[in-house]
Amino acid sequence: MQDFVQELRLIEKKWQEEWRKARIFESDPDERPKFFITIPYPYLNGNLHVGHCRTFTIGDAVARYKRMCGFNVLFPMGFHVTGTPIIGLAELIAKRDERTIEVYTKFHDVPEDVLLTLTTPEKIVEYFSQEAMKALKDIGYSIDWRRVFTTTDEPYQRFIEWQYWKLKEKGLIVKGSHPVRYCPNDENPVEDHDLLMGEEATIVDFTVIKLYSFDEELGKIVFPCATLRPETVFGVTNIWVKPTKYVLAKVDGEVWFVSKEASEKLKYQEKKVEVIREVDAKEFVGKLVVNPILAGMLIDKILDDLKEFDEKLYERLSKIEDEDERLRAVVNEIVNGNLARILIDLFGRAKAEGGEKFDIMRRIVVPILPAEFVDTDNATGVVMSVPAHAPYDYVALEDLKKKDEILRQFGIDRSLIEIEPIALIRIEGEKYKVPAVEVSKELGIESQKQRDLLDKATKIVYKKEFHKGVLLETTGKYAGMLVSKIKDVLQKDLIEIGVGDVFYEFSEKPVVCRCGTKCVVKVVRDQWFLNYSNPEWKSKVLEWLEEMTIIPDYYKEEFRNKIEWLKDKACARRKGLGTRIPWDKEWLIESLSDSTIYMAYYILAKFINEGKLKAENMTPEFLDYVLLGIGDAEKASQSSGLDVETVEKIRREFLYWYPVDLRSSGKDLVANHLLFFLFHHIAIFPKEHWPRAIAVNGYVSLEGKKMSKSKGPLLTMKRAVAENGADVTRLYILHAAEYDSDADWRKKDVESLAGHLRRFYNLVKEHYTKERKELDQLDRWLLSRFQKAVKETRDAMEKLQTRRAVNAAFFEVMNDVRWYLRRGGDNLVVILDDWLKLLAPFIPHICEELWHLKHDTFISLESYPEFDESKVDEKAEAVEDYIRRFMEDVKEVMKFVEEPKEVYVAFAEEWKSEVLKIASQTGSMKEAMSKIMKDEKFRAMAKDVSAFLKRVFKDREMFAVMDELNEREIIEENLEFLERELGVKIILDESKVPDDKRRSAMPGKPAIYVVG
RNA sequence: GCGGGGGUUGCCGAGCCAGGAAAAGGCGCGGGGCUUAAGACCCCGUCCCGAAGGGGUCCGCGGGUUCAAAUCCCGCCCCCCGCACCA
């Protein structure tokens, strides 16, 4: 086999060189219709591998197919190097990181002495782009290499700057802040591959709701309660702290009571934090805090009581009619005035008096209680207790009620904890009134130490409430809203009125950086964002999506969802290779954000590489004109320093090639690159230049294992081609899987495929130069079958189903050819021209080589075979089917006879053909029966007729063609073949066939009697 | 949790959207041919039963619709992928 691969490699090199010399893949505008296909340019922090190979080969097969279908195809390629990984790699190589050296020598096949010199990003880019180009040429892609570029090229940077100015002008770039995973030690955001632990963790935003206490010494103290369910603020009965050390800290001017951990974390979240002193939470247990929201909602019930505390305050509040406004005023008095203190005093009095007023006051003012389940390393370390809806809260509270010694120890007044849960959510279609209580009881939870059960209960309650929960009257103006919709609304409202905040926290812990430091969530401020949440932008993209072709089609839904989900994206970074934001040079444009409309750059790249267009020519006026048609050639010429003619030429070429007809990509890029690709085209270009189609394909694994660039295993494209040949590699990867399902690279299967290709190669070589003979029945069968292969292949290629295409064009034709030869066909040459063309997009080198045995044109430029219906010969196909079936049946029967020698054949009685003829004109069994029974002759034998008809309708397809065939003739004509294949003598003498067998014969299934 | 895709005969993998074959193809395994022999190649078999081309059971689990379901409907279980600022 190695010999064959070596021979292949020589053939491949030869034709690659011929193609290059003849420049057949260099595409310039002409009168043909154009087809512009692009593939995402690869990121060069390593060698191209067989995963790239899949996406690229699909692209190349389509490019070659379309070219042969008469399109002027543009298939360009560039290289992506902006971003951080290349810098990271250079650093690792520079410091001789062992693991990196191992992976790059072992898997990326970089010779060690070369690798060790790659200590700067520039050297890495230089080396890997050369290697990539070699690999892409080695496999014979039909790329127009005049257009290659790298994303750090100066002209490219001009192009990106132009794009960003455009987006800025359109108001699509905004400033904002956002949370990132951050390492305090490295003082940098931490990327996925720099994590030691916690890769699964996501950043969640807790809503912080501030409750207020009052202290003689420090004044107001804020108890910032963190929750994922802000709506539960309406059902707070107390707050929980863990009986351990906390801190009092000045946070943006207010005094906050938070866990020590939280005081550290807050510093990274845009907060100014000054720790005043460490405190023991026990000191605060039993003290009271004011819930400003409830105070605002219930103020009218206690307004009169305020009069004696503060008359002016009373005046101010009682004047306000509007409920919402009053709530805001109350909150304001708590936050900025001394209403909190008054309410706490009022609570004391109401408690002494008891009664209804106390019931009201205890909703506004709640006690601080101790609980062991509180995690000080989660958010602020202070939580609200909502026993109606949180099993932990309910159980902890019940726990506390039972434990007098704890109450004594903390000096908690028992009357403070005689608390009833306050329900605020109704669950649609469920019996629960106070879910946390009922579910806890159902599960038999007794103590807050039963964490497993409590977690389970919490899950049940949260799930039901989230999906089917509706807010009750207790939530004031939010009543009637769905729980699933409330979070964002309420968080926003709380922040707006001044008692809410956001605390970012990891969903799982710990999250540890490679350096060993625990990561925190940091809020980056004043970052530039692409405003993908912009509703007009979004809806334009959504509308255009409906016009597009997405392959496979169910990905359209996926795209729809992802477009909806896409939020503003930070497009600026501090570190990495790339282009600076033109109006804020501190920042680099993030590397996915500079790869959105670069397909347009391929048109410019040709001129740049020819030296006709330089970075300094690429002025905004020039780009405006050639890419958008804004302004005119004169102005563009003046501004750029290019002559008008060149400017016009570039403009014309752009207009010829754009838009992108197909972008074929790996499925991993759907949620990022492909979305941005759509958004940016739609933002920048006029509608006629928006992308037409996107196709996605799956990954490639290695002997069932996932490949990894940074850890291995990995198979480079170059090695795959060197070991197996370009055409073998191509055919394998195209046939290994379809669409988004993943392909597995298996050495054994690849080798077996090489065997198939060798057979094919030898077969064609043997038959191709033979004289054409006149067509006989068998040749017509072959041609007929071949037409179906053509149709199937074309159909599959139109849908980018390379697996189906290869199956039809290669394997199925191969099977037919095998049968054809076995049947003694020796006119194979009649399909060979077309067969080679049919296969040329998949295995271009072999096809080119074989084609040249007879022709001196390039097969790569020939026209693709057309389906020719006149060559379809159903009868010839029926005859072959008959022969095959006959052989199978005879063999089946021969199994039961030792040493079979003679086979006697009897054909079906005449009446059966008659019945069949009538039946074939009817649609149903019933109809056929009634029609047939009109004939007296059949009526006499109704039983037999009905039994036969049943069979006929069971096997309709076979019987459908039978009345056209003369069975006796077929067997007689092929007697020699049949006897040779079956190794018996076949005698068409029905007198030797027993009666019962003869009667069971049917058209298409003669009676067979074997004699030993 | 949300969204998308899946669970097919020893394995890989078609088919299911447009219901009607023990269910393509490949691999593995077994047998035969060819060959001095091995490999390659060609043919046959590979769920169970059957000494005549036949019968039975089968496509995650449980129901339903239908003359007929791997294919349609309902419920359940399980698996994979994405959830971002990273290419």
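Chain letters run A, B, ... following the sequence lines, proteins first, then strands; residues in each count from 1. What you see is a predicted model; the values in this text were computed from it and never measured.
- When both distances must be under 3.5 Å, the Watson-Crick or G-U wobble mate of B:C34 does not exist.
- The phosphate of B:A87 (OP1 or OP2) has a side-chain N or O of A:T84 nearer than 4.0 angstrom.
- Nucleic acid contact for A:T202: sugar-phosphate only, since backbone atoms but no base atoms lie under 4.0 Å from a heavy atom of the residue.
- Nucleotide B:A69: unpaired (no Watson-Crick or G-U wobble partner with both distances less than 3.5 Å).
- Nearest to the side-chain atoms of A:N672 among the listed nucleotides B:A84, B:A87, B:G4 stands B:A87.
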Under 3.5 Å, which protein N or O atoms sit close to an N or O of nucleotides 7-14 of chain B? Give each pair with its distance.
{"from": "B:C12", "atom 1": "O2'", "to": "A:R746", "atom 2": "NH2", "distance (Å)": "2.6"}
{"from": "B:G13", "atom 1": "O2'", "to": "A:R803", "atom 2": "NH2", "distance (Å)": "2.9"}

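- Distances shown here put every side-chain N or O of A:R560 at or beyond 4.0 Å from the OP1 or OP2 atom of B:G4.
- Using a 4.0 Å heavy-atom criterion, one finds that A:R818 contacts the sugar-phosphate atoms exclusively.
- Partner assigned to B:C11 is B:G26, using Watson-Crick or G-U wobble distances below 3.5 angstrom.
- Within the nucleic acid shown, A:K667 has no heavy atom closer than 4.0 Å to any nucleic acid atom.
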Pairs under 3.5 angstrom, nitrogen or oxygen only, protein versus nucleotides 46-53 of chain B, please.
{"from": "B:A52", "atom 1": "O2'", "to": "A:K997", "atom 2": "NZ", "distance (Å)": "3.3"}
{"from": "B:A52", "atom 1": "N6", "to": "A:V1010", "atom 2": "O", "distance (Å)": "3.0"}
{"from": "B:A52", "atom 1": "N1", "to": "A:V1010", "atom 2": "N", "distance (Å)": "3.1"}
{"from": "B:G53", "atom 1": "O6", "to": "A:I1008", "atom 2": "N", "distance (Å)": "3.4"}
{"from": "B:G53", "atom 1": "N1", "to": "A:P1006", "atom 2": "O", "distance (Å)": "2.9"}
{"from": "B:G53", "atom 1": "N2", "to": "A:D889", "atom 2": "OD2", "distance (Å)": "3.0"}
{"from": "B:G53", "atom 1": "N2", "to": "A:P1006", "atom 2": "O", "distance (Å)": "3.1"}

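- Under the Watson-Crick or G-U wobble criterion, with both distances below 3.5 Å, B:C47 is paired with B:G56.
- In this structure, the ring of A:F810 has its center no less than 6.0 angstrom from the ring center of A:F842.
- Using a 4.0 Å heavy-atom distance criterion, A:D568 is classed as a base contact.
- Within the structure, a side-chain polar atom (N or O) of A:K748 is placed less than 4.0 Å from OP1 or OP2 of B:G28.
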